[in-house]
Amino acid sequence: MTIRALLVEDNIELARTVVDYLALNKIECDFAANGEAGLHLISQSSFHVILLDINLPKMNGYQVCEALRRQGVDMPILMLTARDTLDDKLAGFRAGTDDYLVKPFQMEELVARIHALANRRSSQAKKLRLADLEVDLSTKTAVRAGRTLELTPTGWIILVTLLRNAPNVVTREMLEYAIWQDDPPDSNLLKVHLYRLRQKLDKPFDHPLIHTLANQGFAMREHHD
């Protein structure tokens, strides 16, 4: 898989160095010189990782990060910055970043961080979407095709777990751990909770979003492959 990254950085010389080095490591990297341009590129394309400076013209990195998370963008974000205090790092995590790399940094470490982030979706997004379903993690509401779904607390956990991993398979053990941690019940209670969730999420609509994959687990997908 070729990794696609977006670098949002106003230091043109540094940006060229990063883009060229990443290309040597088979990472395609687009570039934006300010926060607004970065947001525009993200709205037009999909990236595996966003490399985001904090001190940016027009919109700073915190503002860009917060805007993306409010929109439900779950691309992982790595903040690149000269700010190295704990307060600065905590501010970045509150804004929704997934990782932090302090300038000056070694290019080898940057590549390693990118590879670590590229294969996962960010858990910092405030909204999750799939087809006609939208889940707001801040308000704990789920809406499908304009209809608000009344879910139990356990149904909510299952939904968010499946949606965070979509379209990948979630095993029965992963769901049981998300609900009960290390103390799952002996009974087949998970099957009951999945049935109730499907009654709310899938039954009233034209096509299901939760799919059972034999001997694998469950997956949320717009279409069954």
Side-chain angles (χ1 to χ4, degrees), residues 1-130 137-138 160 163-169:
M1 178 189 78
T2 299
I3 296 174
R4 294 194 65 228
L6 171 66
L7 173 62
V8 189
E9 168 65 65
D10 63 331
N11 183 325
I12 304 301
E13 184 177 347
L14 174 61
R16 286 174 178 163
T17 301
V18 170
V19 170
D20 290 345
Y21 188 87
L22 294 182
L24 293 174
N25 286 270
K26 297 181 172 56
I27 298 173
E28 296 178 2
C29 188
D30 288 348
F31 164 69
N34 64 69
E36 287 185 358
L39 274 180
H40 177 72
L41 277 175
I42 294 165
S43 70
Q44 301 297 314
S45 303
S46 180
F47 300 97
H48 294 102
V49 182
I50 300 167
L51 312 175
L52 183 61
D53 187 31
I54 291 180
N55 294 320
L56 292 168
K58 299 189 178 181
M59 290 181 72
N60 66 40
Y62 296 138
Q63 293 170 323
V64 173
C65 195
E66 289 172 346
L68 292 172
R69 297 318 187 204
R70 284 196 304 270
Q71 295 167 15
V73 174
D74 60 0
M75 300 175 199
I77 294 174
L78 172 61
M79 279 193 171
L80 309 175
T81 177
R83 300 183 181 185
D84 61 352
T85 70
L86 177 59
D87 286 345
D88 291 324
K89 293 179 180 180
L90 292 176
F93 288 123
R94 283 194 296 269
T97 190
D98 298 276
D99 202 357
Y100 211 99
L101 192 56
V102 176
K103 299 176 182 177
F105 49 81
Q106 297 296 319
M107 290 295 183
E108 293 90 344
E109 183 175 5
L110 175 61
V111 170
R113 298 285 186 99
I114 290 173
H115 278 283
L117 290 171
N119 293 319
R120 69 189 192 199
R121 301 170 70 168
S122 175
S123 62
Q124 297 276 23
K126 299 297 186 292
K127 292 183 180 179
L128 305 174
R129 296 185 179 89
L130 177 68
L137 301 177
S138 300
V160 171
L163 200 48
R164 281 200 189 283
N165 289 279
N168 298 321
V169 175

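Under the salt bridge (Lys or Arg N to Asp or Glu O under 4.0 Å) criterion, the residue pairs touching residues 108-119 are D99-R113, E109-R113, with sequence neighbours excluded.
Applying the salt bridge (charged side-chain N to carboxylate O under 4.0 Å, His left out) test to K58 and every residue at least two apart in sequence or in another chain returns nothing.
Under the 4.5 Å side-chain criterion, counting only non-hydrogen atoms from C-beta, Y100 is in contact with I54. Side chains of I42 and L68 form a contact here, defined as non-hydrogen atoms less than 4.5 Å apart. With contacts defined as side-chain heavy-atom distances shorter than 4.5 Å, the pair L14/K103 qualifies. The side-chain heavy atoms of K89 and V102, taken from C-beta on, include a pair separated by under 4.5 Å. For the pair D10 and N55, the minimum side-chain heavy-atom distance is 4.5 Å or more.
Closest heavy-atom contact between V18 and L110: CG1-CD2, 3.8 Å. Minimum heavy-atom separation, C29 to V19: O-CG1, 3.8 Å. Listed here is the closest heavy atom pair of L80 and D53: O-OD1, 2.8 Å. Minimum heavy-atom separation, R4 to S45: NH1-CB, 4.2 Å. In terms of heavy atoms, G96 sits closest to C65 at C-SG, 3.3 Å. What you find for M79 and G61 is that their closest heavy atoms are CE-O, 3.8 Å.
Note: L78 CG to L7 CG = 10.0 Å, rounded to the nearest 0.5 Å. Interatomic distance, I50 CD1 to D30 CG, rounded to the nearest 0.5 Å: 11.5 Å. Atom CG in D87 sits 7.5 Å away from atom CZ in R94 (nearest 0.5 Å). If you take NE2 on H48 and CG on L117, they are separated by 12.0 Å, rounding to the nearest 0.5 Å. Here the CG atom belonging to N25 is positioned 6.5 Å from the NE2 atom belonging to H115, to the nearest 0.5 angstrom. L22 CG to F31 CZ: the interatomic distance, rounded to the nearest 0.5 Å, is 13.0 Å.
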TODO: May I have the step-by-step check of side-chain contact (heavy atoms from CB on, under 4.5 Å) for V8 and L41, ending in yes or no?
DONE: CA-CA 10 Å; V8 189; L41 277 175; over 6 Å; no

Task: Derivation and outcome, salt bridge (Lys or Arg N to Asp or Glu O under 4.0 Å), residues R69 and D98 - done: CA-CA 11 Å; R69 297 318 187 204; D98 298 276; 2.8 Å; yes

Open item on the list: Determine whether E28 and T2 satisfy the following criterion, side-chain contact (heavy atoms from CB on, under 4.5 Å), listing intermediate values before the conclusion.
Closed with: CA-CA 7 Å; E28 296 178 2; T2 299; 3.7 Å; yes

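Here the rule is side chain to side chain contact (heavy atoms under 4.5 Å, CB included) with Y62, and of T97, L56, D88 only D88 fits it.
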